[in-house]
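Heads up: the structure comes next, in structure tokens.
Here the structure is a predicted model, which means the values were calculated and not measured.
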Amino acid sequence: MKEIILSQELSREIETIYQSMQDAYDQVAGEVELTCADCPDNCCDSYFLHHTYSEWAYLWQGLRELERGMLERIIQRAKAYIAQSAESLAQGKHPQAMCPLNENGLCCLYEHRMLVCRMHGIPAVLTRPDGQSMRFPGCFRCQEIVKEKYEPESIAPAMNRTRLFSRLAALECRLLKDRRHLYPRVKKTIADMIVEGAPAVPRSYCER
């Protein structure tokens with residue numbers, strides 16, 4: 001199958017979206033006074049699912065830039081992650097395993113990390129396409145800070161994810177040439193994306 005490749009234009013655009021996310025994150029984290037320094041937890045062991053071909057393709061742009069030996073280590077860690085997560089899910093437990101991209105406590109593909117990784121931690125709000133509003137409280141450390149500083153907690157500063165998600169959705173449509181409905185939905189961990197390789201155009205699309 002033909003690989004889905006981000007053009008230079010779309011690569012620059014996703015980088016711009018990610019930078020907007022970082023700016024918004026930094027602003028809210030500063031207002032709340034949240035910092036990851038000396039945190040006893042590591043959010044890289046959180047179980048996240050990711051949902052776009054564009055981020056999947058961008059992830060593989062970064063993976064291809066790694067030294068071969070490191071990439072092979074990451075692939076082996078990803079396989080172990082998938083096995084461990086499958087075992088937890090089979091037991092009805094929420095998986096908790098270190099991300100295969102974590103190298104000595106740090107992300108070895110930091111500039112290519114996914115949307116969820118970039119937003120995790122701070123309070124956030126989102127308006128879904130159906131109009132329903134959602135609020136996310138942030139990580140445990142952030143929740144402790146908010147509970148102490150804000151009453152009610154709902155008045156705490158929050159990052160608005162809606163416009164950023166809309167921009168990424170528009171980029172996804174351009175990448176898939178407005179035929180998103182022909183592609184299987186993405187619902188994968190980073191480990192799945194690593195082991196399966198770069199995203200590819202489905203055979204059903206190629207036959208049309």
| request: Begin with the C-alpha distance, continue with both residues' side-chain angles, and end with the deciding distance and a verdict on side-chain contact (heavy atoms from CB on, under 4.5 Å) for L164 and M159. | output: CA-CA 10 Å; L164 295 168; M159 176 183 185; 3.4 Å; yes
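- P123 and C142 get closest at one heavy-atom pair: CD-SG, 3.2 Å.
- To the nearest 0.5 Å, the span separating CG on L171 from CD on E9 amounts to 9.0 Å.
- A search for salt bridge (Lys or Arg N to Asp or Glu O under 4.0 Å) contacts involving E13 returns R174, not counting sequence neighbours.
- Although no hydrogens or angles enter the test, the distance criterion places a donor-acceptor pair under 3.5 Å between the side chain of H51 and the main chain of V186.
- Side-chain contact between C107 and N102 is absent, with no heavy-atom pair separated by less than 4.5 Å.
- Pairing each heavy atom of M114 with each of L59, the nearest pair is SD-CB, 4.2 Å.
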| Would F48 and H120 satisfy ring pair (Phe, Tyr, Trp, His ring centres under 6.0 Å), going step by step from the backbone distance to the final call? | CA-CA 10 Å; F48 292 133; H120 182 67; 5.3 Å; yes
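- Checked by atom type, the side-chain pair Y58/E15 shows a donor-acceptor distance below 3.5 Å.
- When every heavy atom of N42 is checked against every heavy atom of G105, the shortest pair comes out as ND2-O, 3.8 Å.
- To the nearest 0.5 angstrom, K147 atom NZ is 9.0 Å from E144 atom CD.
- Within the 4.5 Å cutoff, the side chain of L176 has heavy atoms near those of the I4 side chain.
- Counting heavy atoms from C-beta on, the side chains of I74 and R77 come closer than 4.5 Å.
- Side-chain polar atoms of S20 and R167 form a donor-acceptor pair below 3.5 angstrom.
- Residue N160 holds its CG atom at 10.0 Å from CZ of F165, rounded to the nearest 0.5 Å.
- Between Y81 atom OH and M98 atom CE the span is 10.0 Å, to the nearest 0.5 Å.
- For R64, the CZ atom counts as densely surrounded, since its 6.0 Å shell holds more than 12 non-hydrogen atoms of other residues, nucleotides or ligands.
- Contact record, P137 with Q143: O-CG, 3.7 Å, taken as the closest heavy-atom pair.
- The existence of a salt bridge linking E87 and K93 is excluded, since no basic side-chain nitrogen approaches an acidic carboxylate oxygen closer than 4.0 Å.
- Closest of all the heavy-atom pairs between C117 and I190 is SG-CD1, 4.2 Å.
- In this structure a side-chain-to-backbone donor-acceptor pair under 3.5 Å is missing from R118 to L115.
- With contacts defined as side-chain heavy-atom distances shorter than 4.5 Å, the pair F136/R161 qualifies.
- Here E67 pairs with nothing under the side-chain hydrogen bond (donor to acceptor under 3.5 Å, both in side chains) rule; sequence neighbours left out.
- F140 and V28 fall into different hydrophobic clusters, where Ile, Leu, Val, Met, Phe, Trp and Tyr residues are linked whenever their side-chain heavy atoms come under 4.5 Å apart, directly or through other members.
- A distance of 11.0 Å separates CG of L101 from CE of M193, quoted to the nearest 0.5 Å.
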| task | For the pair R113 and E55, evaluate salt bridge (charged side-chain N to carboxylate O under 4.0 Å, His left out) and give the outcome as yes or no after the intermediate values. | result | CA-CA 9 Å; R113 69 195 190 282; E55 288 201 289; over 6 Å; no
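- The main-chain N or O of T127 is found under 3.5 Å from a side-chain atom of T162 such that the two form a donor-acceptor pair.
- Residue S11 holds its OG atom at 10.0 Å from CD1 of I5, rounded to the nearest 0.5 Å.
- Side-chain N or O atoms of D41 include none that pairs as donor or acceptor with a backbone N or O of C43 at under 3.5 Å.
- Using a distance-only test at 3.5 Å, with no hydrogens or angles considered, no donor-acceptor pair links the side chain of Q96 to the main chain of D45.
- Within a 6.0 Å sphere centred on CZ of R163, other residues, nucleotides and ligands contribute 12 heavy atoms or fewer.
- At a cut-off of 3.5 Å, with distance as the only test, a side-chain donor of D23 or Q19 sits close to an acceptor on the other residue.
- In this structure, D130 places its CG atom where more than 12 heavy-atom neighbours from other residues, nucleotides or ligands lie under 6.0 Å away.
- Side-chain atoms of D192 come within 3.5 Å of backbone atoms of T189 as a donor-acceptor pair (strictly under, hydrogens ignored).
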Could you give the side-chain donor-acceptor pairs of residues 148-156 under 3.5 Å, partners two or more places apart or in another chain?
from, atom 1, to, atom 2, distance (Å)
K149, NZ, V32, O, 3.3
K149, NZ, E33, OE1, 3.2

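- Across P95 and S88, no two heavy atoms sit closer than the pair CA-CB, 3.9 Å.
- Counting only heavy atoms from C-beta outward, the side chains of V146 and L34 never approach each other to under 4.5 Å.
- No side-chain heavy atom of L126 sits less than 4.5 Å from a side-chain heavy atom of S133.
- Using bins of under 30°, 30° to 60° and over 60° for the plane-to-plane angle, the ring pair W56/Y53 lands in the parallel bin.
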